[in-house]
Chemist: 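Take this structure first; my questions come after.
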Amino acid sequence: MPRKLFRKLLPSHETIRNNRHIARFGPWLQHHNLWHLHRRSVAGGIAVGLFAGLIPGSNPVQFMAAALLAIAFRVNLPLAALVTLYSNPFTIVPLYYAAFKLGQLVLLESGGQLPDPAFSLEGKGFGEWIPAALHWLTSVGKPLIVGLPLLALLLALIGYFTTDWAWRLYVRCAWQRRKRRRALRAGEP
């Protein structure tokens, strides 16, 4: 399990408690589940990261949202922040398209495609780009606004239960391997 690898990479509880930046936040960042690797905190951290990864904005916004949600739900904070990286410039268009289609499905809207962005970043200043982007977002409308939180919630649930199931399966297989090894040792003269 990558647990041993994470233990090597993550700081110890004592290091975290003594860190002057974390100490400023008092007990909020010192809860053991925020830094511990067990089934519930890891599955929850992945779920929080998947949810926060679809929050519109750049990585710092998503990292902050993941950190706040991890603190609120007391799940693994570093993992939650790391998982938000699944939404990146290469994956954001397919994710938003899936959210748009999910929103259409929920709102019972017929067909229709995601409108093409009528603006180009090339040659436009920030002042011209923002109104063009806002106009495109308003043309997308309700399906994206409804579909985005639904997709985030759906991904979070799938991530949580998949991680929980995989963790349990790994533990069960590890127990069976130990049981077989003990049986082999007991049978040896």
Side-chain angles (χ1 to χ4, degrees), residues 1-55 59-99 101-102 148-189:
M1 191 73 186
R3 183 177 184 170
K4 291 178 184 177
L5 172 68
F6 285 132
R7 277 192 181 155
K8 290 178 186 175
L9 298 175
L10 291 176
S12 68
H13 294 291
E14 191 63 33
T15 306
I16 293 165
R17 270 191 229 95
N18 294 335
N19 184 300
R20 63 185 174 118
H21 300 294
I22 292 176
R24 291 179 189 165
F25 294 101
W28 288 1
L29 290 180
Q30 293 181 5
H31 193 277
H32 66 279
N33 280 350
L34 296 176
W35 311 99
H36 192 67
L37 294 169
H38 57 77
R39 183 177 45 88
R40 184 190 165 279
S41 73
V42 169
I46 287 174
V48 162
L50 288 171
F51 184 85
L54 279 182
I55 292 175
N59 281 342
V61 173
Q62 294 170 345
F63 288 161
M64 183 62 70
L68 292 174
L69 289 170
I71 291 167
F73 290 110
R74 292 189 171 126
V75 296
N76 192 283
L77 191 144
L79 196 56
L82 183 68
V83 170
T84 62
L85 294 174
Y86 82 95
S87 66
N88 55 57
F90 300 110
T91 61
I92 200 68
V93 172
L95 287 168
Y96 271 48
Y97 183 74
K101 285 302 198 182
L102 182 63
L148 207 52
L150 285 176
L151 182 62
L153 186 62
L154 183 65
L155 288 175
L157 288 171
I158 290 170
Y160 181 87
F161 289 113
T162 302
T163 304
D164 185 67
W165 174 80
W167 192 288
R168 288 175 189 262
L169 181 66
Y170 176 81
V171 169
R172 187 176 302 130
C173 290
W175 274 97
Q176 288 174 353
R177 279 193 306 271
R178 280 189 220 132
K179 188 177 179 180
R180 281 193 298 266
R181 276 187 294 198
R182 287 180 185 148
L184 285 174
R185 286 184 196 150
E188 293 177 357

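Any value given below was found using the heavy atoms of this structure, including those in side chains, with hydrogens, waters and symmetry copies removed.
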Chemist: Tell me which donor-acceptor pairs under 3.5 Å the side chains of residues 59-67 have, and how far apart each pair is, sequence neighbours excluded?
Modeler:
{"residue": "Gln62", "atom": "OE1", "partner": "Ser87", "partner atom": "OG", "Å": "3.4"}
{"residue": "Gln62", "atom": "NE2", "partner": "Gly53", "partner atom": "O", "Å": "2.9"}
{"residue": "Gln62", "atom": "NE2", "partner": "Ile55", "partner atom": "O", "Å": "3.0"}
{"residue": "Gln62", "atom": "NE2", "partner": "Ser87", "partner atom": "OG", "Å": "3.4"}

Chemist: Are Arg178 and Trp175 in a cation-pi contact, defined as NZ or CZ under 6.0 Å from the six-membered ring centre and within 45° of the axis?
Modeler: yes

Chemist: How many angstroms lie between CG in Leu151 and CG in Leu154, if you round to the nearest 0.5 Å?
Modeler: 6.5 Å

Chemist: Mind checking what makes salt bridge (charged side-chain N to carboxylate O under 4.0 Å, His left out) contact with Arg168, not counting sequence neighbours?
Modeler: Asp164

Chemist: Kindly compute the distance separating OH (Tyr96) from CG (Leu148), expressed to the nearest 0.5 Å.
Modeler: 5.0 Å

Chemist: Whether the side chain of Thr84 engages the backbone of Ala52 through a donor-acceptor N/O pair (distance < 3.5 Å, no angle test) should be reported.
Modeler: no

Chemist: Looking at CG of Leu82 and CG of Leu77, how far apart are the two atoms once the value is rounded to the nearest 0.5 Å?
Modeler: 11.0 Å

Chemist: Would you give the length of the straight line joining atom CZ of Arg40 to atom OH of Tyr160, rounded to the nearest 0.5 angstrom?
Modeler: 6.5 Å

Chemist: Quick one: pull up CG in Leu150 and CG in Leu102 and give me the separation to the nearest 0.5 Å.
Modeler: 5.5 Å

Chemist: So which pairs with a foot in residues 74-93 pass salt bridge (Lys or Arg N to Asp or Glu O under 4.0 Å), sequence neighbours left out?
Modeler: none

Chemist: So, applying side-chain contact (heavy atoms from CB on, under 4.5 Å) with Val83, which one of Leu50, Leu155, Val48 is it?
Modeler: Leu50

Chemist: How long is the gap from CG on Leu169 to OG1 on Thr162, to the nearest 0.5 Å?
Modeler: 12.0 Å

Chemist: Any side-chain heavy-atom pair from Leu34 and Val75 closer than 4.5 angstrom?
Modeler: no

Chemist: Tell me whether Tyr86 at atom OH has more than 12 heavy atoms from other residues, nucleotides or ligands lying less than 6.0 Å away.
Modeler: yes

